[in-house]
Amino acid sequence: MATYVLIHGAGDASYWHRLVPELRGRGHDVVAPELPSDAAAGLAGYTDTVVSAIGGRTDLVVVAQSLGGFTGPLVCDRVPVRLLVMLAAMVPAPGETAGDWWANTGAERARREQAVRDGRSPEFDLVEGFFHDVPPEITAEAMTREQRSESASMWTDPWPLEAWPDVPTRFLLCRHDRFFPASFQRRVVRERLGIVPDEMDGGHLPALSRPKDLADRLESYRLKVTAG
């Protein structure tokens, strides 16, 4: 039995609620902590929260979604991890803040240019940008939840590692992601991780739109690392 450690992006841990039963149904433990929102928590507080939730569990597969890409590698630097999966994630560079990442990578420009190519407004809309392929009833449920604020320090804390942690890493992008377009992610992953990302159908929130497909993909990664 493995333990999947799920690190949410902006938003809250309810993002994982459709993926968790898929992974548990395959016989695995799942840890999906709620990250702190207090202003001073920052990267250290996020990392401490995840490490504390892991406790003494072993055989860890860390899955970091979107903004969680800043926290996932820090967890891998603290505890033994079998595999890190970056899911539609931000890939930090040493010393970079999450706030600076957007301009450094050209993320916002890429999002707007993709919207124009698709015939959509370049102005960001939460539902059209994030939930366009999520089942309507799941979207409606998500819209009823109180929006969680990120820790203010999360955006200003420099990413503290000097290099990527020594852990097998896979990057899984979503081909129909309107927030981090696929062409943008291919470039950033190549430049920053030196690997070719894997791809799946769907938008920015695959744990809500395609939980079974995502669980199947994560399991295939885990089995390959285990066999290797």
Step through it carefully: locate the ring centre of Y15, locate the ring centre of H8, and say whether they are under 6.0 Å apart.
no
Just how far is it from atom OG1 of T97 to atom CG of D100, taken to the nearest 0.5 Å?
3.0 Å
Between F70 and Y46, ring centroids under 6.0 Å
no
By the definition side chain to side chain contact (heavy atoms under 4.5 Å, CB included), identify the one residue from V31, V63, L35 that meets it with I7.
L35
Interatomic spacing from CG in L19 to CG in L208 - rounded to 0.5 Å
9.5 Å
Would you call V189 and M86 a side-chain contact if the rule is heavy atoms closer than 4.5 Å?
no
If we ignore hydrogens and angles and just use 3.5 Å, is the side chain of D133 paired with the main-chain N or O of G202 as donor and acceptor?
no
H28 side chain to A2 main-chain N or O, any donor-acceptor pair under 3.5 Å?
yes
Step-by-step ring pair (Phe, Tyr, Trp, His ring centres under 6.0 Å) determination, F184 to F179
CA-CA 10 Å; F184 162 79; F179 195 57; 9.6 Å; no
Could you tell me if E96 and N104 have a donor-acceptor pair between their side chains, going purely by distance under 3.5 Å?
yes
Does a donor on one side chain sit under 3.5 Å from an acceptor on the other, for W164 and T169?
yes
Under a 4.5 Å cut-off applied to non-hydrogen side-chain atoms, are L218 and V61 in contact?
no
Donor-acceptor pair, E22 side chain versus A215 backbone, under 3.5 Å?
no
For the pair W155 and W102, name the ring-plane relationship: parallel under 30°, tilted 30 to 60°, perpendicular over 60°.
tilted
E162, CD atom: more than 12 neighbouring heavy atoms under 6.0 Å
no
Quick check for you: to the nearest 0.5 Å, what is the distance between R222 atom CZ and L83 atom CG?
10.0 Å
Is there a donor-acceptor pair closer than 3.5 Å between any side-chain N or O of E150 and the backbone N or O of G11?
yes
From D77 CG over to T47 OG1, what is the distance, rounded to the nearest 0.5 angstrom?
9.0 Å
Is any side-chain heavy atom of L161 closer than 4.5 Å to one of L74?
yes
Give a yes or no on whether the backbone of A182 and the side-chain of R187 come within a donor-acceptor separation of less than 3.5 Å.
no
Distance in Å, E128 CD paired with E123 CD, rounded so as to fall on 0.5 Å steps:
14.0 Å
Is the closest basic N to carboxylate O distance between D198 and R217 below 4.0 Å?
no
Taking S151 for the side chain and G42 for the main chain, is one N or O donor matched with an acceptor at less than 3.5 Å?
yes
Heavy atoms of other groups near R109 CZ, more than 12 under 6.0 Å:
no
Would you say the side-chain atoms of R111 and Q114 include a donor-acceptor pair closer than 3.5 Å?
no
Flag the pair R120 and D125 as a salt bridge only when some basic side-chain nitrogen lies within less than 4.0 angstrom of an acidic carboxylate oxygen.
no
I'd like to know whether D59 forms a side-chain contact (heavy atoms from CB on, under 4.5 Å) with M1, so could you lay out the CA-CA distance, the side-chain angles of the two residues, the decisive distance to 0.1 Å, and finally the verdict.
CA-CA 8 Å; D59 197 13; M1 179 183 73; over 6 Å; no
Please answer whether the main-chain N or O of T49 pairs with a side-chain N or O of S52 as donor and acceptor at a distance below 3.5 Å.
no
Show the numbers, then the answer: is there a salt bridge (Lys or Arg N to Asp or Glu O under 4.0 Å) between R210 and D216?
CA-CA 10 Å; R210 299 169 183 266; D216 288 344; over 6 Å; no
Side chains of H204 and S66: is there a donor and an acceptor less than 3.5 Å apart?
yes
Rounded distance (nearest 0.5 Å) linking atom CG of L126 with atom CZ of F131:
5.5 Å
Without swapping roles, check the side chain of S153 against the backbone of A39 for a donor-acceptor pair under 3.5 Å.
yes
Indicate yes or no: does D29 engage R57 in a salt bridge with an N to O separation below 4.0 Å.
yes
Does any N or O in the side chain of R192 come within less than 3.5 Å of the main-chain N or O of V91, such that one atom is a donor and the other an acceptor?
yes
With side chains defined as the heavy atoms from C-beta onward, is the minimum distance between R190 and V196 less than 4.5 Å?
no
